Structure formats: C-alpha cells, structure tokens
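First the structure, which I've put down as structure tokens, then a few questions once you've had a look.
Just so it is clear, the structure is predicted and the values come from calculations on it, not from any experiment.
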Amino acid sequence: MGSDHYFTAAPASPENLRTIRVSLAGRELEMTTAGGVFSPDRLDAGTAVLLANTPPVPPGGHLLDLGSGWGPIALSMALASPHATVWAVDVNERALDLVRRNASALGLTNVNAALPGDVPDEVTFRTIRSNPPIRVGKNELHGLLERWIPRLDERSDAWLVVQRNLGADSLQRWIASTFQPGYSVFRTATGKGYRILKVRKHGTPPTEPIAVV
C-alpha cells in the first residue's frame with residue numbers, strides 16, 4: 001500500500017477512480033484517472049510544459065509515449081494525428097487500463113496501450129514524447145532510454161521533459177556521451193523549472209568506398 005509508486009506494475013492501493021478536466025490537443029476534455037498512477041488529480045506541470053513546447057507530431061507512422069501514465073501525451077498525439085499509430089507504454093497495468101478507457105471515451109482507435117515487452121521488436125518510431133520516470137533511479141532510467149531511443153526512425157526526434165532540479169542537465173550530458181555517433185541532443189526550451197531535451201537520430205552516414213589498390 002504505502003510502497004506503491006506510479007512505476008509499480010500492479011498497484012495495491014485502492015483504485016479510487018476520478019474524473020478531471022484537462023486541455024489536450026486544443027480541446028477541453030474530461031478524463032478518468034485513479035490512485036496509484038502518476039499525477040491522478042491534474043495534468044502535471046512537466047507534461048504541460050512538454051505539450052506546449054514541442055512541434056506537431058508526424059501525421060502517420062508509429063509514435064511513442066514512453067511512461068504514459070493515464071495518457072495525456074498519448075491521447076494528445078492520437079487526437080492530433082488520427083492516421084498515426086500511437087503506442088502508450090508503461091509498466092503500470094492500472095495506468096494502461098486508464099489509457100484504454102480514455103481512448104475509448106474519445107472514440108480513438110489508434111492508441112495501443114502496452115507493456116514494454118508487448119511492443120513488437122520491428123516497430124520503430126517517427127517520434128518519442130516522454131515525461132520519463134526520473135524517480136525510478138538513474139540506472140533504471142538510463143536502461144529505459146538505451147532501450148527505446150535507438151528505436152527512433154532515422155531523422156526523427158525524441159522529446160523529453162525533465163525537471164531541472166532532478167538532473168536535467170546531467171541527463172543531457174549522459175545522452176550526449178552515450179548515443180554517439182549518429183545522435184545529437186539539445187535543450188530546446190525551459191519553463192516552470194523544467195527542461196525540454198530534443199534527441200535527434202540522424203540518417204546513417206554514407207559508407208566510405210573501399211579503396212582499390
């Protein structure tokens with residue numbers, strides 16, 4: 001009970017379903033949330049900063065919300081790009097159930113709420129948008145990013161929002177040193193104590209011809 005976290009796979013705490021009003025993709029919506037998930041009572045400040053400071057999502061292909069919670073990022077992407085396939089990935093089964101419930105209430109059929117292991121290996125993403133679970137610890141967080149960032153399509157971007165006081169700058173340095181060559185990382189915006197990090201996966205450089213001697 002007291003040991004539940006938003007990254008707990010199966011929260012033991014009471015569900016306590018509730019309805020909140022939020023603005024997503026330019027629409028005022030009523031969403032269902034519950035106890036035992038991240039920010040059940042409001043759209044959290046970090047996600048709001050991310051949604052306000054990222055470009056429009058691609059119109060098609062596969063899009064990833066990594067650490068979806070009850071779904072504000074995934075639902076925003078699905079509303080904005082109805083022809084895309086949006087993957088809402090989380091380890092929290094209750095959060096995934098809420099994503100499915102909210103997508104159904106909005107009439108969205110392009111959202112797949114899935115555990116990490118249930119995303120097919122061959123799927124790559126035209127964008128990743130994430131308010132990553134910083135509080136899982138540095139090793140877990142790094143492992144998470146090492147798993148998913150390489151699954152970006154070439155010439156595609158991941159957008160991460162990280163609280164400055166929870167290591168945004170050190171995470172930027174780690175990404176820069178870990179995903180080289182072929183990647184770049186920049187801080188693109190700040191707001192309300194948060195940083196937006198853009199991780200770019202560049203195209204594969206041409207192979208140098210083998211010299212004939």
Side-chain angles (χ1 to χ4, degrees), residues 5-7 20 22-26 33 37-58 63-81 86-92 95 99 116 124-202:
H5 298 283
Y6 60 84
F7 44 84
I20 62 173
V22 295
S23 178
L24 300 177
T33 71
V37 303
F38 178 63
S39 192
D41 296 316
R42 65 187 64 84
L43 181 67
D44 70 283
T47 297
V49 170
L50 180 74
L51 293 174
N53 290 279
T54 45
V57 292
L63 319 178
L64 173 62
D65 172 7
L66 182 58
S68 65
W70 53 263
I73 297 172
L75 298 169
S76 294
M77 293 196 292
L79 287 165
S81 293
V86 177
W87 293 86
V89 171
D90 206 296
V91 298
N92 186 319
V99 174
T124 58
F125 302 100
R126 294 189 64 188
T127 193
I128 297 172
R129 308 284 167 102
S130 180
N131 184 350
I134 297 297
R135 296 184 188 278
V136 297
K138 187 176 292 185
N139 290 338
E140 287 290 330
L141 176 64
H142 290 177
L144 188 75
L145 297 178
E146 287 174 317
R147 176 176 184 175
W148 293 100
I149 285 178
R151 294 181 66 170
L152 281 167
D153 289 335
E154 291 186 353
R155 296 177 293 279
S156 296
D157 304 311
W159 300 83
L160 313 175
V161 61
V162 183
Q163 195 167 353
R164 179 177 58 82
N165 292 338
L166 292 180
D169 295 340
S170 62
L171 182 63
Q172 181 178 350
R173 291 191 294 270
W174 177 83
I175 292 172
S177 64
T178 300
F179 296 97
Q180 289 289 348
Y183 295 83
S184 59
V185 56
F186 301 97
R187 188 173 74 215
T188 62
T190 61
K192 298 182 180 178
Y194 290 87
R195 312 276 207 224
I196 302 294
L197 304 181
K198 173 186 175 183
V199 185
R200 176 75 168 176
K201 183 176 183 179
H202 300 284

Just distance, no hydrogens or angles: give the donor-acceptor pairs under 3.5 Å from side chains in residues 140-150, sequence neighbours left out.
from	atom 1	to	atom 2	distance (Å)
His142	ND1	Trp174	NE1	3.3
Arg147	NH2	Pro116	O	3.3

Is the closest side-chain heavy-atom distance between Val37 and Asn92 below 4.5 Å?
yes

With distance as the sole test, does Trp87 use its side chain to make a donor-acceptor pair with the main-chain N or O of Leu66 at under 3.5 Å?
no

With sequence neighbours left out, the residues meeting side-chain hydrogen bond (donor to acceptor under 3.5 Å, both in side chains) with Asn131 are Asp44, Thr47

Assess whether side chain to side chain contact (heavy atoms under 4.5 Å, CB included) is satisfied between Leu51 and Ser76, documenting all intermediate values.
CA-CA 8 Å; Leu51 293 174; Ser76 294; 3.9 Å; yes

Could you tell me whether the side chain of Ser23 and the main chain of Gly26 form a donor-acceptor pair under 3.5 Å?
no

Where the side chain of Asp65 meets the backbone of Ala88, is there a donor-acceptor pair that is under 3.5 Å apart?
no

Side chain to side chain contact (heavy atoms under 4.5 Å, CB included), paired with Thr188, selected from Leu197, Ile196, Thr54, Asn53:
Ile196

Full working for side chain to side chain contact (heavy atoms under 4.5 Å, CB included) between Arg129 and Leu63:
CA-CA 8 Å; Arg129 308 284 167 102; Leu63 319 178; over 6 Å; no

Contact check, side chains of Gln180 and Ser177, non-hydrogen atoms, under 4.5 Å:
no

Measuring from atom OG1 of Thr178 to atom CZ of Arg173, what distance do you get when rounded to the nearest 0.5 angstrom?
12.5 Å

Exercise: identify the closest heavy-atom pair between Ala74 and Val86
O-CG1, 3.6 Å

Measure from the side-chain N and O atoms of Asp153 to the backbone N and O of Ser156, and report whether any donor-acceptor pair falls under 3.5 Å.
no

State whether the side chain of Lys201 and the backbone N or O of Arg155 hold a donor-acceptor pair below 3.5 Å, judged by distance alone.
no

Using modelled atom types and a 3.5 Å cut-off, is there a donor and acceptor pairing between side-chain atoms of Gln172 and backbone atoms of Ile175?
no

So, do Leu152 and Thr124 sit near enough that their side-chain heavy atoms are less than 4.5 Å apart?
no

Over all atoms of both residues, closest heavy-atom pair of Val99 and Ser68
CG2-OG, 3.9 Å

For residues Trp70 and Ile20, determine if any side-chain heavy atom of one lies less than 4.5 Å from a side-chain heavy atom of the other.
yes

In residues 157-169, what donor-acceptor pairs under 3.5 Å come from side-chain atoms, sequence neighbours left out?
from	atom 1	to	atom 2	distance (Å)
Asp157	OD1	Arg200	NH1	3.1
Asp157	OD2	Arg200	NH1	3.2
Asp169	OD1	Arg195	NE	3.2
Asp169	OD2	Arg195	NH2	3.4

